[in-house]
Amino acid sequence: VYAGLNPIGDMDEVICDAKAGVKVAVNNLYKLGHREFAFIGSVGGLVYNEYRYGGYDEALKELGVSEANRIAIDCHLTVQDGFEATKRLIASSRIPSAVVCGNDMVALGASRAFMEANYSVPEDVSIIGFDDIEAAAYFKPSLSTIAVPKQDLGRFAIKLLADRLVNPRNYNISLRLPYRFIQRESSGRRKTNRG
């Protein structure tokens, strides 16, 4: 039995669809007027079975955002790597109005890097994470994120495993749990006077 954010197939799975969750985050930022985007996280396969970048890319294509207004910075999903990746983004002088991060740890590192470079979050750059870790609500500014029902992922995986042990079957079950977008202080409407 597998429990996680992305399907693997050929086994019982409990999934909270990361790709769809990131698409919700991108669409939220677009509705707030953002037209220049960056994704900071696993882009090129640093993380096995990772689809968050795919959700970002797919959502922007569906919205008609040009490639010139889309940036992707590949990094591991840690605070330090998010901080360093954001420093590379800032050094490139291509500062988007909105940043979607592979997870909340990357988002915390990104927020710190922007603040150290004298960019205000969310006034200059809106940031959205993924996972809704406990620190997300207490960081300043508090982090907008996609919440994942982690305890339920584990609970339902154990139930599926117990069921398979007691009732052997020749088919697999896939259970999809809902994610939810949480709007906090780190993301907001695009400022029209941004240079």
Answer yes or no: is there a side-chain heavy-atom contact under 4.5 Å between [X] and [Y]?
X: Asn27; Y: Leu63; value: yes
X: Val100; Y: Val26; value: yes
X: Phe114; Y: Ile90; value: yes
X: Gln183; Y: Asn28; value: yes
X: Pro141; Y: Met115; value: yes

Residues [X] and [Y] bridged, charged N to O under 4.0 Å:
X: Lys140; Y: Glu185; answer: yes
X: Asp12; Y: Arg169; answer: yes
X: Glu123; Y: Lys191; answer: no

* Could you list the residues that satisfy salt bridge (charged side-chain N to carboxylate O under 4.0 Å, His left out) with Lys61, not counting sequence neighbours? => Asp57
Minimum heavy-atom separation for [X] and [Y], please, with both atom names.
X: Val99; Y: Val125; value: CG2-CG1, 3.7 Å
X: Cys16; Y: Tyr179; value: SG-CB, 3.6 Å
X: Arg94; Y: Ala68; value: NH2-O, 2.9 Å
X: Ile71; Y: Pro96; value: CD1-CD, 4.5 Å
X: Ser144; Y: Arg184; value: OG-N, 2.9 Å
X: Tyr53; Y: Ser42; value: CB-O, 3.6 Å

* To do: Might you work through the salt bridge (Lys or Arg N to Asp or Glu O under 4.0 Å) test for Glu13 and Arg176, ending with a clear yes or no?
  => CA-CA 8 Å; Glu13 298 178 317; Arg176 290 189 179 262; over 6 Å; no
* Can you name the residues that form a side chain to side chain contact (heavy atoms under 4.5 Å, CB included) with Ala98, not counting sequence neighbours? -> Leu29, His34, Phe37
Same apolar cluster: [X] and [Y], side chain cutoff 4.5 Å:
X: Val1; Y: Leu165; answer: yes
X: Leu160; Y: Leu153; answer: yes
X: Val121; Y: Ile182; answer: no
X: Tyr138; Y: Ile128; answer: no
X: Ile173; Y: Val166; answer: no

* Would you please test Gln80 and Met105 for side-chain contact (heavy atoms from CB on, under 4.5 Å) and show each step? => CA-CA 8 Å; Gln80 181 67 35; Met105 302 300 282; over 6 Å; no
Without swapping roles, check the side chain of [X] against the backbone of [Y] for a donor-acceptor pair under 3.5 Å.
X: Ser92; Y: Leu89; result: yes
X: Thr86; Y: Gly82; result: yes
X: Arg52; Y: Gly102; result: yes
X: Asp131; Y: Ile133; result: no
X: Ser186; Y: Ile127; result: yes

* Can you tell me how far the CZ atom of Arg35 sits from the CG atom of Asn69, to the nearest 0.5 Å? -> 10.0 Å
* Could you walk me through whether Tyr30 and Val65 pass the side-chain contact (heavy atoms from CB on, under 4.5 Å) check? -> CA-CA 9 Å; Tyr30 190 86; Val65 175; 3.8 Å; yes
* Face-on cation placement of Arg70 at Phe39 ring, 6.0 Å and 45° thresholds -> no
* Asked: Can a donor-acceptor pair be found between the side chains of Ser187 and Ser126 at a distance below 3.5 Å?
  -> no
* Under 3.5 Å, is there a donor-acceptor pair between the Arg164 and Asn172 side chains? -> yes
* **side-chain contact (heavy atoms from CB on, under 4.5 Å) evaluation trace for Leu177 with Phe156** => CA-CA 10 Å; Leu177 301 183; Phe156 283 111; 4.0 Å; yes
* Structure fact -> Residue pairs meeting side chain to side chain donor-acceptor pair (under 3.5 Å), one or both in residues 100-112, sequence neighbours left out, come to Asp104-Thr145, Arg112-Glu116
* Test Cys75 against Ile40 for side-chain contact (heavy atoms from CB on, under 4.5 Å), laying out the working first. => CA-CA 7 Å; Cys75 74; Ile40 301 174; 3.8 Å; yes
* To do: May I ask you to check whether over 12 heavy atoms, not counting those of Arg88, lie within 6.0 Å of atom CZ?
  => yes
* More than 12 heavy atoms of other residues, nucleotides or ligands under 6.0 Å from CG of Asp10: is that the case? -> no
